[in-house]
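Notes follow the structure.
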Amino acid sequence: MKRRDFLKNTSLTGVGLAVGSSLTSCKDKTTDEKASVIPANKNTTPIALPIVIATWNFKNATAKAGQILQAGGNILDALEQGCMVEEADIKNESVGKGGRPDRDGNVTLDACIMNKDGNCGAVVYMQNITHAISVARKVMEDTPHVMLAGKGAENFAVSTGMKREDLLTESTRRQWKEWLVEAKYKPIINIENHDTIGMLAMDENGDISGACTTSGLAYKMGGRVGDSPIIGSGLFVDNEVGGCVATGMGEEVVKTVGSFLVVELMRQGKSPQEACKEAINRIVNKPNSNYKNFQVGYVAINKQGETGSFSIHEGFSMAKYQDGKNDNLKSEFVVKSKA
Ligand code: ASP
């Protein structure tokens with residue numbers, strides 16, 4: 001449905017008012033004009049749509065998704081294909097093919113997707129299939145379930161025509177062998193073992209969906225599943241309020257149901273930035289929190305098209321595509337890196 005019709009329908013039925021208080025049609029729009037939403041805070045500057053944001057500097061992914069949306073494409077196609085850019089890139093050693101393995105040398109992928117209607121699909125501990133995000137989408141669209149694990153997920157992917165591949169590359173095999181032998185491995189916060197791509201998009205109707213895909217924590221225990229494929233932890237979308245995605249130490253995100261928390265804080269009136277900050281502080285301020293030794297970062301968008309991000313450690317960023325511009329924006333943080 002085109003945005004103009006969406007606005008017309010919501011005002012005719014009255015249903016839109018909860019949402020519609022923040023979604024306002026621009027006066028005398030011509031068909032060539034860009035879609036926009038006007039922030040509820042009465043800031044008169046319209047925010048240009050579509051918007052795509054992602055964890056870290058995944059600008060290739062936000063560019064891909066942004067271009068698809070800008071051309072009038074479907075939001076789930078945009079998110080899926082944006083994530084696929086990173087899953088296929090073997091230089092990205094934390095997502096898809098070329099992702100770092102667990103300590104047994106197996107690359108195991110986690111992914112999920114959630115749409116504007118609150119439907120979702122996920123795969124966990126899946127091996128030998130590069131595009132975990134596509135399998136997650138198929139779980140949502142073509143099965144009565146929300147999550148498939150391990151062999152079941154892999155077999156389902158193959159049944160839909162996807163090919164099995166060896167996801168370990170020369171580089172990740174060599175690094176894993178070094179890790180096994182040298183036993184002097186020290187994770188470097190931000191760089192070495194955290195880099196999940198979580199993406200959120202708002203299309204020209206003002207509707208929000210999200211996706212998340214990862215090979216998880218490098219050298220994790222066999223069988224370990226993190227936050228990324230868990231709805232409410234690695235990703236949550238409520239199209240009346242906003243969406244959030246997480247990256248970093250998945251165990252800490254799961255323990256605080258991080259992405260759901262951020263969305264609920266936005267529902268209570270916090271901006272995306274404030275909500276991300278409070279969710280990070282929940283982790284930092286826990287009794288005996290070990291936060292100095294791990295990273296967690298959130299990025300979020302609300303229904304007014306406002307975005308925000310926050311992390312424990314310096315070095316996290318948010319890629320953002322809007323109005324043909326694709327930026328990497330540094331996040332605010334709690335702990336400054338040592339120079
Ligand atoms: N959140 C991911 C996990 O714990 C890791 C990451 O973001 O790098 O599996």
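Every number for a ligand or one of its atoms is a count from 1 in the order of the listing. This is a predicted model, so every value here is computed, not measured. Below, all heavy atoms of this structure are taken into account, side chains as well, without hydrogens, waters or symmetry copies.
Side chains of Y291 and E252: no donor on one and acceptor on the other come within 3.5 Å.
Residue contact check: T247 has heavy atoms under 4.0 Å from atoms 6 (C), 7 (O), 8 (O) of ligand 1. Numbered from 1 in the order shown, with element, the atoms of ligand 1 that lie under 4.0 Å from a heavy atom of G216 read 9 (O). In summary, the atoms of ligand 1 found under 4.0 Å from a heavy atom of S228, numbered by their order in the structure, are 1 (N), 2 (C). Near L217, the atoms of ligand 1 lying under 4.0 angstrom from a non-hydrogen atom of the residue are 9 (O). Per-residue contacts place T196 under 4.0 angstrom from the following atoms of ligand 1 (heavy atoms of the residue considered): 1 (N), 2 (C), 5 (C), 6 (C), 7 (O), 8 (O). Atoms of ligand 1 found under 4.0 Å from any heavy atom of D227 (numbered from 1 in listed order, with element): 1 (N), 2 (C), 3 (C), 4 (O).
Here F260 and F236 bring their ring centres to under 6.0 angstrom of each other.
Aromatic ring orientation, W56 versus F316: perpendicular (interplanar angle above 60°, classes split at 30° and 60°).
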Quiz item: Checking salt bridge (Lys or Arg N to Asp or Glu O under 4.0 Å) for the pair E251/K255: CA distance, chi angles, key distance, verdict?
Solution: CA-CA 6 Å; E251 283 71 8; K255 286 177 204 168; over 6 Å; no
Exercise. Go through T108 and D102 one step at a time and tell me if the side-chain hydrogen bond (donor to acceptor under 3.5 Å, both in side chains) criterion holds.
Key: CA-CA 7 Å; T108 70; D102 64 16; 4.9 Å; no
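Of the candidates K220, R224, R100, the one placing a heavy atom closest to atom 4 (O) of ligand 1 is R224.
Under 4.0 Å from ligand 1, the heavy atoms of D195 that appear belong solely to its backbone. When non-hydrogen atoms are compared, ligand 1 lies under 4.0 Å from neither the backbone nor the side chain of Q295.
Considering backbone and side-chain atoms together, G250 places an N or O closer than 3.5 Å to an N or O of ligand 1. Considering both main-chain and side-chain atoms, T214 never comes within under 3.5 Å of ligand 1 through any nitrogen or oxygen pair. At under 3.5 Å, not a single nitrogen or oxygen of D110, backbone or side chain, sits near a nitrogen or oxygen of ligand 1.
Ion pairing between a basic and an acidic side chain is recognised when a charged N comes within 4.0 Å of a carboxylate O; R174 and E170 show no such pairing.
E251 does not count as a contact of ligand 1, since none of its heavy atoms falls under 4.0 Å from the ligand. Using 4.0 Å as the threshold, G248 has a heavy atom nearer than that to some atom of ligand 1.
Side-chain atoms of S289 come within 3.5 Å of backbone N or O of I283 as a donor-acceptor pair.
Considering E86, H131, E165 in turn, E165 is the only one that fulfils the side-chain hydrogen bond (donor to acceptor under 3.5 Å, both in side chains) rule with K97.
Within a 6.0 Å sphere centred on NZ of K330, heavy atoms belonging to other residues, nucleotides or ligands number 12 at most.
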